There are 2 protein chains.
Amino acid sequence: MRHDSRLSRMLHVLIHMDRHNGSATSEKIAQMLNTNPVVVRRTMAGLREDGYVRSEKGHGGGWTLARPLEEISLLNIHRALGSPEVFAIGLAIDHPDCLVEQSVNAALRDAFTEAEAFLVSRFASVTIADIARDFDDRYSRCDQPQGPAACN
Amino acid sequence: MRHDSRLSRMLHVLIHMDRHNGSATSEKIAQMLNTNPVVVRRTMAGLREDGYVRSEKGHGGGWTLARPLEEISLLNIHRALGSPEVFAIGLAIDHPDCLVEQSVNAALRDAFTEAEAFLVSRFASVTIADIARDFDDRYSRCDQPQGPAACN
DNA sequence: TAGCATGTAACTAATCTTGTTACGGAATAG
DNA sequence: CTATTCCGTAACAAGATTAGTTACATGCTA
């Protein structure tokens with residue numbers, strides 16, 4: 001079962017956009033994510049619709065942040081991506097009328113519903129600015145001579 | 001992203017096996033799950049290795065419960081299935097040396113780790129007998145004349 | 001108006017899971 | 001001891017989903 005890494009990727013992009021503060025073309029972003037411009041446009045479209053980024057055409061165009069990172073939570077981005085399915089494990093619906101299946105699914109549904117509520121509240125409580133601050137910490141530490149080799 | 005419904009299906013099967021208490025062939029189970037015998041054997045193999053069911057070859061063979069449902073938790077079955085990935089959302093690893101990616105992934109990993117711990121403890125606290133009891137409730141209720149149409 | 005950048009549809013490729021076929025081995029009935 | 005039944009497993013085919021790609025239209029700016 002393959003992972004959906006769009007959330008991780010979008011957070012990555014938004015922080016880079018903020019720190020480099022300027023506009024970035026889909027081409028540039030695609031290089032950053034090891035993918036291609038069309039995929040970037042597809043993915044960023046949701047963020048634009050929800051007002052977190054803006055896109056401009058023509059010379060000097062590209063993508064820019066529409067709001068400060070303090071005002072964007074992980075949940076906001078999750079939703080902007082269409083609230084993709086969180087779990088890779090799901091319920092069987094082979095015999096919807098079977099009472100055994102109903103009991104099994106009710107039990108599993110309870111557990112997954114609670115776990116998702118937990119995750120959602122966690123996502124709501126973290127802003128991208130929080131993550132960017134953590135990045136600043138790492139960066140200042142690795143800026144030292146004895147720091148890690150790669151700080152791109 | 002397609003769901004892995006093996007957990008739900010295996011719980012379903014185990015309860016049926018217990019309530020009908022006798023052995024069931026892969027063929028029978030396959031019919032119950034709208035699938036085919038080879039898939040059943042593949043999936044049940046893990047449960048057998050962990051000692052929850054036994055399989056016997058030849059005439060009158062098939063699958064039987066090796067332990068009472070009281071002693072089998074949802075977590076046991078989850079593990080017997082190889083502890084499949086719980087989440088459909090994952091971390092991007094396009095640039096492992098990029099400190100921004102590291103910060104993003106650290107934040108996401110924290111959230112997912114906690115959510116998974118929650119789910120695991122939930123799974124550990126529910127036995128299949130608990131679910132079977134819930135089934136008994138539903139069954140006794142629907143046994144009434146005014147109950148649901150299908151009580152297979 | 002030339003060139004750059006996004007928007008989007010349509011198609012291709014890669015991947016993953018499930019379903020299927022085929023055959024081997026073990027147990028049992030008769 | 002032989003035919004039948006059933007599991008075990010490998011190997012292959014089919015189906016579904018996602019990411020990647022191509023192509024072309026639109027819009028903006030110099």
Side-chain angles (χ1 to χ4, degrees), chain A residues 1-10 13 17 22-50 52-66 80-82 84-94, chain B residues 1-10 13 17 22-50 52-66 80-82 84-94:
Chain A
M1 203 137 284
R2 178 107 267 100
H3 286 160
D4 180 350
S5 56
R6 291 177 301 157
L7 177 58
S8 173
R9 286 178 158 189
M10 288 302 101
V13 167
M17 283 171 64
S23 71
T25 64
S26 302
E27 182 64 42
K28 274 258 183 192
I29 295 172
Q31 287 170 0
M32 188 158 82
L33 298 178
N34 281 332
T35 180
N36 81 42
V38 177
V39 174
V40 170
R41 288 181 200 124
R42 268 205 296 247
T43 312
M44 303 272 286
L47 309 211
R48 181 186 54 229
E49 273 156 33
D50 284 8
Y52 304 117
V53 295
R54 262 190 290 269
S55 63
E56 277 161 315
K57 298 179 175 180
H59 269 290
W63 299 87
T64 50
L65 278 172
L81 292 172
E85 189 56 58
V86 168
F87 297 105
I89 295 177
L91 311 181
I93 46 172
D94 300 311
Chain B
M1 199 137 289
R2 176 108 267 98
H3 285 162
D4 179 350
S5 56
R6 290 177 301 157
L7 177 58
S8 173
R9 286 177 158 189
M10 287 302 100
V13 167
M17 283 171 64
S23 71
T25 65
S26 301
E27 183 64 42
K28 275 258 184 193
I29 295 172
Q31 286 169 1
M32 190 160 82
L33 299 178
N34 281 333
T35 180
N36 80 44
V38 177
V39 173
V40 171
R41 289 182 200 124
R42 269 205 295 249
T43 312
M44 304 272 285
L47 308 210
R48 182 186 53 228
E49 274 157 33
D50 283 10
Y52 303 117
V53 295
R54 265 190 288 271
S55 63
E56 275 162 316
K57 299 178 173 180
H59 267 289
W63 300 86
T64 50
L65 278 172
L81 292 172
E85 190 55 58
V86 169
F87 298 105
I89 296 177
L91 311 180
I93 46 171
D94 300 311

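Below, chains carry the letters A, B, ... as their sequence lines are ordered, and counting in each starts from 1. Only a predicted model underlies this, so the values are computations on that prediction, with no experimental measurement involved.
In this structure, the side-chain hydrogen bond (donor to acceptor under 3.5 Å, both in side chains) partners of B/Asp94, at least two apart in sequence or on a different chain, are A/Arg9. Listed by chain and residue number, B/Asn105, B/Leu108, B/Arg109 satisfy the side-chain contact (heavy atoms from CB on, under 4.5 Å) test with B/Leu91 (two or more places apart in sequence, or in another chain). Judged as a side-chain contact (heavy atoms from CB on, under 4.5 Å), and not counting sequence neighbours, B/Glu56 has no contacts. Every side-chain hydrogen bond (donor to acceptor under 3.5 Å, both in side chains) that B/Arg48 has, sequence neighbours left out, goes to B/Ser55.
Whole-Å rounding puts the B/Asp4 CG to D/dT17 C1' distance at 15 Å. Rounded to whole Å, the distance from CD1 on B/Ile89 to P on D/dT17 is 18 Å. One atom, CD1 of B/Ile29, and another, C1' of D/dT5, lie 15 Å apart when rounded to the nearest Å. The interatomic distance linking A/Arg54 (CZ) with D/dC28 (C1') rounds to 16 Å, in whole Å. Atom C1' of nucleotide D/dC7 and atom CD of B/Glu49 are separated by 14 Å, given to the nearest angstrom.
The phosphate of C/dG7 (OP1 or OP2) has a side-chain N or O of A/Arg48 nearer than 4.0 angstrom. When the side-chain nitrogen and oxygen atoms of A/Ser26 are compared with OP1 and OP2 of C/dA5, none of them lie within a distance under 4.0 Å. Contact check, B/Thr25 against D/dC6: no side-chain N or O comes under 4.0 Å of OP1 or OP2.
To the nearest 0.5 angstrom, A/Arg42 atom CZ is 8.0 Å from A/Asn36 atom CG. To the nearest 0.5 Å, the span separating CE on A/Met17 from CE on A/Met32 amounts to 8.5 Å. In this structure, A/Arg6 CZ and A/Leu47 CG are separated by 10.0 Å, a value rounded to the nearest 0.5 Å.
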List the steps and the verdict of side-chain contact (heavy atoms from CB on, under 4.5 Å) for A/Tyr52 and A/Met44. CA-CA 9 Å; A/Tyr52 304 117; A/Met44 303 272 286; over 6 Å; no
Quick one: do B/Val40 and B/Lys28 satisfy side-chain contact (heavy atoms from CB on, under 4.5 Å)? Show the steps, please. CA-CA 10 Å; B/Val40 171; B/Lys28 275 258 184 193; over 6 Å; no
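The stretch residues 33-44 of chain B touches DNA chain D through B/Val38, B/Arg41, B/Arg42, each having a heavy atom under 4.0 angstrom from the strand. Annotation: proximity of residues 55-63 of chain A to DNA chain D (heavy atom, distance under 4.0 Å) is found for A/Lys57, A/Gly58, A/His59, numbered in ascending order.
Comparing B/Arg9 and A/Glu27 by the nucleotide of DNA chain C whose heavy atom lies nearest to each, the residue mapping closer to the 5' end is A/Glu27.
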